[in-house]
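One structure is given below, encoded as structure tokens.
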Amino acid sequence: MRELAMILMLWPGVVLADGWQQLTGDQIADALTSRLVVFPDGVAQYFLDDGRTVRAGGWGEWRVDGDLYCEIWSGKRPICAQVDSDGPGLRFREDSGFTRAGSYGDL
């Protein structure tokens, strides 16, 4: 995991003023495929390599669209977000202004 964090920090991207680096589509796929993200409230979200995602409440689908992460849950509209990394964590920033961040690891 330390190697992935170093690669993410060295890949080209937008470095944001708060120390986070905006990820490209390829970086998002690399960061999420067969990984999990644990959010501060203790909820874990799993990102399977077949495009499924699961967290408390059920299954959904995830994909990368350009340089955005997108997810869709049963009966809901797709939600897309920019993804940033600070090394050990990922942050999802939606156009609506909603932001969530968590730490990630391997499945």
Output yes when Arg91 and Asp86 qualify as a salt bridge under the 4.0 Å nitrogen-oxygen rule, no when they do not.
-> no
Residues 66-88 vs ring-ring contact (aromatic ring centres under 6.0 Å, His included), sequence neighbours excluded, gives Phe47-Tyr69, Tyr69-Phe92
Is [Y] close to [X] at the side-chain level, that is, under 4.5 Å between some pair of heavy atoms?
X	Y	result
Asp26	Ile28	no
Arg100	Gln45	yes
Leu90	Leu23	yes
Tyr104	Pro88	no
Arg93	Asp84	yes

Measure the CD-CG distance between Glu61 and Leu48 for me, rounded to the nearest 0.5 Å.
-> 11.5 Å
Between the CZ atom in Arg77 and the CD1 atom in Ile79, the distance rounded to the nearest 0.5 Å is 5.5 Å
For Arg52, all residues meeting side chain to side chain donor-acceptor pair (under 3.5 Å), sequence neighbours excluded = Asp50
Hey, is the main chain of Gly25 close enough, under 3.5 Å, to the side chain of Asp67 for a donor-acceptor pair?
-> yes
Output yes when a side-chain donor or acceptor of Arg55 lies under 3.5 Å from a complementary backbone atom of Ala44, and no otherwise.
-> no
Same apolar cluster: Val54 and Ile72, side chain cutoff 4.5 Å = no
Indicate if Trp59 and Leu36 have the same hydrophobic cluster label, given that clusters are the connected sets of ILVMFWY residues with side-chain heavy-atom separations under 4.5 angstrom.
-> yes
Take atom OH in Tyr46; do more than 12 heavy atoms of anything else shown fall under 6.0 Å from it?
-> no
For Ser96, side chain to side chain contact (heavy atoms under 4.5 Å, CB included) partners two or more places apart | Glu94, Phe98
Sequence neighbours excluded, the answer for side chain to side chain contact (heavy atoms under 4.5 Å, CB included) partners of Asp49 is Thr33, Ser34
Quick one: salt bridge (Lys or Arg N to Asp or Glu O under 4.0 Å) partners of Asp41, sequence neighbours excluded?
-> none
Applying disulfide bond (SG atoms under 2.5 Å apart), which residue pairs with at least one partner in residues 42-107 are found, sequence neighbours left out?
-> Cys70-Cys80
Passing candidate, side chain to side chain contact (heavy atoms under 4.5 Å, CB included) with Leu32, options Val64, Val37, Thr53 = Val37
Which pair of non-hydrogen atoms, one from Pro40 and one from Ala101, has the smallest distance, and what is that distance?
-> CD-O, 3.0 Å
